Amino acid sequence: MSAHILDGKKLAAQLKEELKTKIAAAKHRTAKHPHLVSILIGEDTASQSYALSQQRAAESIGIHYELQKMPAKVSQSDVLALIQQLNGYDKVHGVIINKPLPDHIYFQALMNGLSPEKDVEGMTLINVGRLFLGEPGLVPCTPAAAMALLKFSGEDLKGKKAVVLGRSDIVGKPIALLLLKEDITVTVCHSKTIGLLDHVRQADIVVAAMGKKRFVQGDWIKPNAIIIDVGINDDHGKIAGDVDFDSCALRASYITPVPGGVGPVTSVMLMNNVVEAFKRQINLS
Ligand SMILES: NC(=O)c1ccc[n+]([C@@H]2O[C@H](COP(=O)([O-])OP(=O)(O)OC[C@H]3O[C@@H](n4cnc5c(N)ncnc54)[C@H](OP(=O)(O)O)[C@@H]3O)[C@@H](O)[C@H]2O)c1
C-alpha cells in the first residue's frame, strides 16, 4: 500500500483562485481592496526573501502589499509607535511582523500593541483567546494550513484519535485546539513525553511539528493513518520534514510531502487572514 499525497501546491493553487475571486468581487462592490503591511526589522536574509515571497503572493491575488523596513538598531518603542499608527489607518487591514527579530525586540510585546482585527498572524492575546474558546478569529497560518490539508483528504475526521508531536505556542498548541474544534480526540506529545511511540501507534492522525529531521518512522504508524508533516529541517542544503516519508507512506492512507505540503498552504493562509481581516473591517459579509 502507498499513501495518497496531500498535495500542498495543488490545494494552495485552489485556495488562491478562491481568494482572487473574493477580492475581485469585494472590489467590485466596495471599490476597496485589502492592504497588508509587512514590518521587516534588520537585514536577515531569510526574512527578506520571505517578505519578497509574501509580496508576490499578495500581489498575485489583488492584495496591496507595503513593506516597512526598520534598521536592526530600532528601539522597541519606535516599532510599537509604527504599529499604533498602522492600527489607526483605515486603509491598512493586516500587519505582519517578520521574524527573527533582533534580540532587544520582544515579539509578544509588539503583538500586544497590534489591533487584534489586523493581526493576520493570529498571535495577539485576543486571537489566541478566541481560538481557545472556539470563537471566530484570525488563526495562526501554519496550524490553519495543517487543518486545511487534513480536511483536503476528504475523510470523516470526527471522533478520530490524533497525536500532535510538539507543543509550541505557534504550531503545536494551536493545531491541538483546531483539531479539538473538529471533534477529534487529541493527545499532545513533547520532549518529556513518556511512551511517545505508543501514542503514535494508536493515532488515526499524526501531526508532526517537532523540528526533528525524519523522526517519525513507518513502523510507528497505524495502518491507514493520515500524516501531516509540519517540520522544516535542513538536510544538507535541502528541506526534510519531521517524518520519514518513504517508510511512513507505506503505512499511511494520506501524507503531506516536505517540501510541497504544509509550506505552500501556510503562505496562502496568511493571505486568507488578510482577506478575512479586510472583510470584517469594511463590514462585508
Ligand atoms: N511548514 C511551515 O509553514 C512551518 C511554520 C512554522 C514552523 N515550521 C516547522 O515546524 C517545526 C516545529 O516548529 P516550532 O516552531 O513549533 O518548533 P519549536 O518551538 O522548537 O517546538 C518544538 C516542539 O517539539 C517538541 N519536541 C522536540 N523534540 C522532541 C522529541 N524528541 N520528542 C517529542 N517532542 C519533541 C518540543 O518539546 P518541548 O516543548 O518539551 O521542548 C516542542 O514542543 C519546525 O521544524 C519548524 O521549522 C513549519
Side-chain angles (χ1 to χ4, degrees), residues 5-12 15-16 38 44 46-47 49-51 53-54 56-57 96-101 106-108 111 120-123 128 131 138-150 152 162-179 186-203 206-217 220-221 227-245 248 255-273:
I5 305 294
L6 292 169
D7 183 343
K9 285 187 189 158
K10 189 174 165 190
L11 178 59
L15 295 172
K16 258 177 105 167
S38 179
D44 182 76
S47 296
S49 81
Y50 181 46
S53 74
Q54 285 163 11
R56 284 201 202 104
I96 176 167
I97 300 159
N98 291 284
K99 292 170 283 303
L101 293 167
Y106 299 102
F107 178 70
Q108 201 56 49
M111 277 289 144
V120 291
E121 293 178 273
M123 288 307 292
V128 171
L131 179 61
L138 296 166
V139 173
C141 305
T142 300
M147 270 318 296
L149 278 158
L150 195 51
F152 193 45
V163 68
V164 181
L165 304 175
R167 58 170 166 182
S168 73
D169 293 342
I170 59 162
V171 187
K173 281 182 202 165
I175 287 177
L177 290 168
L178 290 172
L179 291 166
V186 186
T187 301
V188 181
C189 294
H190 47 79
S191 66
K192 310 289 184 300
T193 297
I194 296 168
L196 181 139
L197 261 66
D198 296 333
H199 291 294
V200 177
R201 284 195 171 117
Q202 290 178 36
V206 179
V207 183
M210 293 176 294
K212 298 272 168 221
K213 183 170 70 179
R214 297 196 192 95
F215 184 88
V216 179
Q217 296 298 310
W220 307 0
I221 299 297
I227 303 178
I228 307 290
D229 189 352
V230 183
I232 299 178
N233 306 290
D234 177 53
D235 184 25
H236 306 289
K238 291 186 176 175
I239 293 174
D242 284 353
V243 166
D244 182 56
F245 183 89
C248 289
I255 187 167
T256 59
V258 178
V262 175
V265 184
T266 295
S267 54
V268 183
M269 286 301 159
L270 174 64
M271 301 307 147
N272 186 58
N273 276 351

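Ligands are counted one by one from 1 in listed order, and the atoms in each one are counted from 1 as well. Values in this document were obtained by computation on a predicted structure and should not be read as measured data.
Using a 4.0 Å heavy-atom cutoff, T193 is absent from the residues neighbouring ligand 1. Note on ligand 1: G172 sits outside its first shell, no heavy atom being nearer than 4.0 Å. Heavy atoms of L165 come nearer than 4.0 angstrom to ligand 1 in no pair at all.
Side-chain N or O atoms of D242 include none that pairs as donor or acceptor with a backbone N or O of F215 at under 3.5 Å. Not a single donor-acceptor pair under 3.5 Å links the side chain of T187 to the backbone N or O of V163. Counting only distance, with no hydrogens or angles, the side chain of N273 and the backbone of P140 share no donor-acceptor pair below 3.5 Å.
Atom 7 (C) of ligand 1 has V171 CG2, 3.9 Å as its closest protein atom, hydrogens excluded (heavy atom only). For atom 11 (C) of ligand 1, the nearest non-hydrogen atom of the protein is G211 N, 3.6 Å. The closest protein non-hydrogen atom to atom 15 (O) of ligand 1 is I170 CD1, 3.7 Å. From the protein, the heavy atom lying nearest to atom 24 (O) of ligand 1 is M210 CA, 3.3 Å. Atom 5 (C) of ligand 1 has as its closest protein heavy atom T142 OG1, 3.0 Å. Protein heavy atom in closest approach to atom 46 (C) of ligand 1: I232 N, 4.1 Å.
Selection from H190, K99, R167 by nearest heavy atom to atom 42 (C) of ligand 1 gives R167. Considering only non-hydrogen atoms, atom 19 (O) of ligand 1 lies nearest to S168 out of S168, S191, A146. Of the listed residues (V230, D234, V265, L270), the one carrying the non-hydrogen atom nearest atom 9 (C) of ligand 1 is V230.
Rounding to the nearest 0.5 angstrom, the gap separating the CD1 atom in I228 from the CG atom in L165 is 12.5 Å. The structure places CE of M269 at 10.0 Å from CE of M147, a figure rounded to the nearest 0.5 Å.
When each of V216, T256, I255, L6 is checked for a side-chain contact (heavy atoms from CB on, under 4.5 Å) with I227, only I255 meets the rule.
Contacts with ligand 1 closer than 4.0 Å are made by side-chain heavy atoms of L196 only, the backbone lying farther away. If you look at T266 next to ligand 1, the close heavy atoms, those under 4.0 Å, all belong to the side chain.
Residues L149 and L11 are in side-chain contact: their nearest non-hydrogen atoms beyond the backbone lie under 4.5 Å apart.
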**Asked** Please walk me through it: do Q54 and N98 pass side-chain hydrogen bond (donor to acceptor under 3.5 Å, both in side chains)?
**Response** CA-CA 10 Å; Q54 285 163 11; N98 291 284; 2.9 Å; yes
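Checked against side chain to side chain donor-acceptor pair (under 3.5 Å), R214 has the following partners two or more places apart in sequence or in another chain: D235.
In this structure, atom 21 (O) of ligand 1 has protein heavy atoms in its sub-4.0 angstrom surroundings.
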